[in-house]
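Each remark here refers to the structure printed beneath this line.
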Amino acid sequence: MICGYLLARAGVDVIVLEKHKDFLRDFRGDTIHPSTLELMAELGLLDAFLMLTHDKVREVAAEIGKDRFRVGDFTQLPTRCKFMVFMPQWEFLDFIAGEAQKLSTFHLFMEAEVTQLLARGRQITGVRVRTPDSEGDITANLVIGADGRHSTVRAKAGLKVLDIGAPFDVLWLRLPFESGDPTEPVARAVSGNFFIMLNRRTYWQCAMIIPKGGFADMKAEGMGGFRARLRICAGFARDRADSIASFDEVSLLTVVIDRLERWSRAGLLCIGDAAHAMSPVGGVGINLAIQDAVATANILAPVLRQRPASAAELRRVQRRREFPTRATQWFQVQVQNRVLAPTMRATMTPTAPLALRVLNRWRWLRQWPARMVGIGVRPEHVRPEIFQARR
Ligand SMILES: Cc1cc2nc3c(=O)[nH]c(=O)nc-3n(C[C@H](O)[C@H](O)[C@H](O)COP(=O)(O)OP(=O)(O)OC[C@H]3O[C@@H](n4cnc5c(N)ncnc54)[C@H](O)[C@@H]3O)c2cc1C
């Protein structure tokens, strides 16, 4: 959506195809990072964006057993907004779609699923699209696969995927929000469980991190065992475990970390999770996807306004974004192997690692985890000469 908006704003004719009829899909993260807010400011959209209902998070903490450790501090970041915004992702997407639809060069088709690529020899020339009423072809100078970690585009393009692997899955569930609850997000390690709670105002969106494939064992154990586990890890919300009536209210999300060897071929480019599926660790995948979108538009908009992009020009996007991707995935693998895996193996609450105690003690150091999550590696900026508003 961001890539489509930026290209359209630069004067390139764009069609965005989304297979669902709305953006109401749970749950891919509610985080709008300080770097994205910086882009909003560069595009002149920040004030309007901040008018939408949202929560600001300035500090991130982790709980180990009963002890609380401050681990990240956004107030020290060199960005205009010294906070992370939490907002349901569909509202963010609706906002960008609304801005994009003010441009005559932007076209959004909902319930339009890409099922095939069109090709002339080795050159991709467009896509086949299925809608509820029909099927048809759209030809294009460039197809950008931004269709997520189960990307149809990358599969149909035959691009080789390097699977990095993740030893855990995530169970999503909701617990009721009660007045007097804290409002900040909570990450908690207790007795072999890792549990995250995100405030959605009327309920808590909760993530239980489990060993890969462990959901089948939990189901075999039954709801009694599952609720007992919930009571251990839900902290102040432990008495709400009974609100989960059955496993139908618990959804499994298989976590993947992978990346493409080559992000492009003639007439086609993959970005975001389609090029590099990110795990939820650190809540950085949205940031990376948006940064890819900006880099793509910065590199390709001046070309696409004149002519189709060459294979070499498409490869420039990967050259620009591969290092941030590798560095971030390396960080996610370290966290999953050094923190998550031992926590899930342990039967007792772990003692807080030294790094956590040091971060909690020195505020200045807490800017570094915040930078990794809030800004990331090699932040992108909108090139003003390309993105003069064209209405
Ligand atoms: C459980 C979980 C929690 C996460 N939490 C966070 C978090 O808190 N913060 C964070 O930064 N990241 C988080 N991530 C990672 C983040 O969700 C992704 O990295 C990010 O959404 C990638 O954005 P994207 O635009 O590349 O893909 P997506 O957000 O997956 O968007 C792809 C879009 O393409 C559409 N689509 C798919 N196939 C087709 C098709 N054939 N035709 C047309 N449309 C199609 C989909 O409907 C979807 O709208 C989480 C990931 C998981 C799995």
Side-chain angles (χ1 to χ4, degrees), residues 1-5 15-36 57 60 84-90 92-94 96-97 108-117 127-131 135 138 143-157 166 168-173 185 187 196-200 205-210 251-260 263 269-293 296 321 325 328-329 332 372-376:
M1 183 66 77
I2 298 267
C3 190
Y5 171 61
I15 296 175
V16 173
L17 303 167
E18 166 56 54
K19 71 176 173 184
H20 291 116
K21 67 175 188 309
D22 53 35
F23 297 117
L24 277 173
R25 64 224 157 87
D26 250 354
F27 174 91
R28 294 291 186 278
D30 285 352
T31 46
I32 311 293
H33 303 74
S35 55
T36 303
V57 171
V60 183
M84 173 104 96
V85 161
F86 272 72
M87 174 188 290
Q89 203 180 96
W90 56 85
F92 175 62
L93 290 168
D94 280 344
I96 299 295
L108 172 63
F109 298 140
M110 303 300 286
E111 288 190 275
E113 180 176 3
V114 171
T115 56
Q116 288 293 345
L117 296 176
V127 290
R128 174 147 304 154
V129 187
R130 185 167 54 212
T131 68
E135 192 163 34
I138 297 179
V143 173
I144 299 181
D147 50 344
R149 66 212 181 106
H150 303 298
S151 170
T152 302
V153 169
R154 83 178 186 186
K156 297 289 177 191
F168 65 98
D169 288 329
V170 178
L171 298 183
W172 286 112
L173 53 111
I196 294 168
M197 298 174 70
L198 304 170
N199 172 11
R200 280 260 181 96
Q205 180 77 45
C206 303
M208 185 186 280
I209 318 294
I210 61 165
S251 47
L252 170 70
L253 254 156
T254 307
V255 176
V256 228
I257 306 184
D258 65 28
R259 63 175 173 264
L260 293 179
W263 296 19
L269 169 70
C270 287
I271 59 171
D273 269 21
H276 44 74
M278 305 302 289
S279 103
V281 168
V284 290
I286 296 169
N287 193 32
L288 241 80
I290 290 176
Q291 300 282 314
D292 284 2
T296 301
R321 296 303 306 160
T325 302
T328 312
Q329 289 184 329
Q332 293 190 317
M372 187 68 191
V373 172
I375 300 178

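In listed order, ligands and their atoms are each counted from 1.
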Which of the numbered atoms in ligand 1 are under 4.0 angstrom from any heavy atom belonging to [X]?
| X | answer |
| --- | --- |
| Trp172 | 1 (C), 3 (C) |
| Leu17 | 43 (C), 44 (N) |
| Val284 | 10 (C), 11 (O) |
| Ala289 | 22 (C), 23 (O), 26 (O) |
| Gly148 | 27 (O), 30 (O), 32 (C) |
| Thr152 | 41 (N) |
| Leu253 | 1 (C) |

Of [options], which has the heavy atom at the shortest distance from [atom]?
| atom | options | result |
| --- | --- | --- |
| atom 41 (N) of ligand 1 | Val114, Val281, Asp30, Val373 | Val114 |
| atom 49 (O) of ligand 1 | Gln205, His150, Glu18, Met278 | Glu18 |
| atom 25 (O) of ligand 1 | Ala146, Gly283, Gly272 | Ala146 |

Contact between [X] and ligand 1, counting heavy atoms under 4.0 Å?
| X | answer |
| --- | --- |
| Ala112 | yes |
| His33 | yes |
| Val255 | no |
| Phe23 | no |

Q) Counting only heavy atoms, which portion of His20 has something under 4.0 Å from ligand 1: side chain, backbone, both, or neither? A) side chain
Ionic contact status for [Y] with [X], cut-off 4.0 Å:
| X | Y | value |
| --- | --- | --- |
| Arg130 | Glu113 | yes |
| Asp273 | Arg259 | no |
| Asp30 | Arg200 | yes |

Q: Show your reasoning for whether side chain to side chain contact (heavy atoms under 4.5 Å, CB included) applies to Ile32 and Phe86.
A: CA-CA 6 Å; Ile32 311 293; Phe86 272 72; over 6 Å; no
**Q.** Shortest non-hydrogen separation from Ala293 to Ile271 and the atoms involved
**A.** CA-CD1, 4.1 Å
Q: Flag the pair Phe168 / Ile210 as yes when at least one side-chain heavy-atom distance between them is below 4.5 Å, and no otherwise.
A: no
Q: May I ask you to test the Ile286-Gln89 pair for a side-chain heavy-atom distance under 4.5 Å?
A: yes
Q: Any chance you could lay out the side chain to side chain contact (heavy atoms under 4.5 Å, CB included) test for Met1 and Leu93, step after step, and finish with the verdict?
A: CA-CA 7 Å; Met1 183 66 77; Leu93 290 168; 4.0 Å; yes
**Q.** All pairs passing salt bridge (charged side-chain N to carboxylate O under 4.0 Å, His left out) where residues 274-293 contributes a residue, at least two apart
**A.** Asp292-Arg321
Q. Do Thr115 and Thr152 pass the side chain to side chain contact (heavy atoms under 4.5 Å, CB included) test, and can you show the C-alpha distance, the side-chain angles, and the key distance before you say yes or no?
A. CA-CA 7 Å; Thr115 56; Thr152 302; 5.8 Å; no
Q: Test Asp169 against Leu253 for side chain to side chain contact (heavy atoms under 4.5 Å, CB included), laying out the working first.
A: CA-CA 6 Å; Asp169 288 329; Leu253 254 156; over 6 Å; no
Any N/O of [X] closer than 3.5 Å to an N/O of ligand 1?
| X | answer |
| --- | --- |
| Asp273 | yes |
| Ile286 | yes |
| Thr31 | yes |

